[in-house]
There are 2 protein chains.
Amino acid sequence: MVTPRKPPHTPDPTGFNVYARECPARMVLDRIGDKWALLVLDRLRRDTARFNVIRRDIGGISQKVLSQVLKNLERDGLVLRTVHATVPVAVTYSLTPLGETLTQAAASLIHWAESHMAQIQHAQRLYDDRLANASL
Amino acid sequence: MVTPRKPPHTPDPTGFNVYARECPARMVLDRIGDKWALLVLDRLRRDTARFNVIRRDIGGISQKVLSQVLKNLERDGLVLRTVHATVPVAVTYSLTPLGETLTQAAASLIHWAESHMAQIQHAQRLYDDRLANASL
DNA sequence: TTCACCTGGTTTCATATTGAAACCAGGTTT
DNA sequence: AAACCTGGTTTCAATATGAAACCAGGTGAA
């Protein structure tokens, strides 16, 4: 018999629960729980920017991935894509109000990564050394 | 000429900057900016748990991925792996103090995903309908 | 006008990463 | 003995990624 287990966390009042395999919130987490999406959202938090500006600001992102990430974020209603009828045309990306509600959380994660880097590198050295010694 | 651009955000006081390609903080973001890692950390926020308990609580995670994620989190000093010398042996995973400092941010992201699901699904429907109409 | 480079992408392809599933050694229960 | 638990590793096919080429169109200098 499968023992009923208490749920791992209190489901959100809206009824979604990311712990459930079939929950649509999983798809959202797939999207925003992603290195590039977090960086793009955090970049747009500062200001509206054009495609190639974002690309240059986020070192190492490829055009393909950036266009995919932006397309997905636009579909999710987090980012607004605006084509300006100038000559030549310019395309800018900005956060929607919904996107702005997300960036606080995204920024926390990024800031955490930066401010705890040293501790993590230290932990990694300890771990690797222990492994090396264990295999002697 | 390459116009010097103001940096996309204020670098962290520790000197790390996730926007730089070569920054070690990128490796951290690679690790924690990941759906499964976020879910595992959030699960462990509730309490210490054994391997197969975590696996069952997080619907859909494979054994391989879970063991990889846990191994990485352990190496980063975020999760503590304890082998209990019982018969049979039990292995439990818990958050380290460092890991606990991260879970607040992780939980925010997960909670955001749950509480804004409906809005995102709505945006997706609008987007898809617009696309469908445009291609008529 | 031609060369070179900008724009915002898409396509191609080789190489990771992932997920599903099998497998493993050991132990417990029936 | 058969079946299931433990905590994983291995295998393999499908998928995602990154680097690079390519594209159409525009700009600016020689």
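Chain identifiers are assigned alphabetically (A, B, ...) following the order of the sequence lines, protein sequences preceding nucleic acid strands; residue numbering begins at 1 within each chain.
Distance CG (L70(B)) to P (dT9(D)): 11 Å, rounded to an integer number of Å. Protein atom CZ of R81(B) is 12 Å distant from nucleotide atom C1' of dT6(D), rounded to whole Å. Counting to the nearest Å, the C1' atom of dG9(C) and the CD atom of E74(A) are 14 Å from each other. One atom, CZ of R50(B), and another, P of dG8(D), lie 10 Å apart when rounded to the nearest Å. Here dT10(C) presents its P atom at 13 Å from CG of N52(A), a figure rounded to the nearest Å. Distance CD1 (I54(A)) to C1' (dC6(C)): 17 Å, rounded to an integer number of Å. When rounded to the nearest whole Å, the span between NE2 of H84(B) and C1' of dG27(C) equals 17 Å. Between the CZ atom of F51(A) and the P atom of dA24(D) there is a distance of 18 Å, rounded to whole Å.
At dG8(C), none of the side-chain N or O atoms of R55(A) fall inside 4.0 Å of OP1 or OP2 (strictly under the cut-off). Contact annotation: W36(B) side-chain N/O to dG19(C) OP1/OP2 distance is under 4.0 Å. An OP1 or OP2 oxygen of dT7(C) is reached within less than 4.0 angstrom by a side-chain nitrogen or oxygen of R56(A). For the pair K35(B) and dT17(C), the criterion of a side-chain N or O lying under 4.0 Å from OP1 or OP2 is not met.
Rounded to the nearest 0.5 angstrom, T48(B) OG1 and R43(B) CZ are separated by 9.0 Å. Remark: F51(A) CZ to L66(A) CG distance equals 4.0 Å, nearest 0.5 Å.
Within residues 59-69 of chain B, the residues having any heavy atom under 4.0 Å from DNA chain C are, by residue number, G60(B), Q63(B), K64(B), V65(B).
Remark: S108(A) engages Q104(A), A105(B) in a side chain to side chain contact (heavy atoms under 4.5 Å, CB included) (not counting sequence neighbours). Remark: Q124(A) engages I120(A), R31(B), R75(B), D76(B) in a side chain to side chain contact (heavy atoms under 4.5 Å, CB included) (not counting sequence neighbours).
By the 6.0 Å contact criterion, NE2 on H122(B) is open, its count of non-hydrogen atoms from other residues, nucleotides or ligands being 12 or less.
We find that R45(B) and D42(B) are joined by a salt bridge, their nearest charged nitrogen and carboxylate oxygen being less than 4.0 Å apart.
In this structure, T96(B) contributes its side chain and L78(B) its backbone to a donor-acceptor pair below 3.5 Å.
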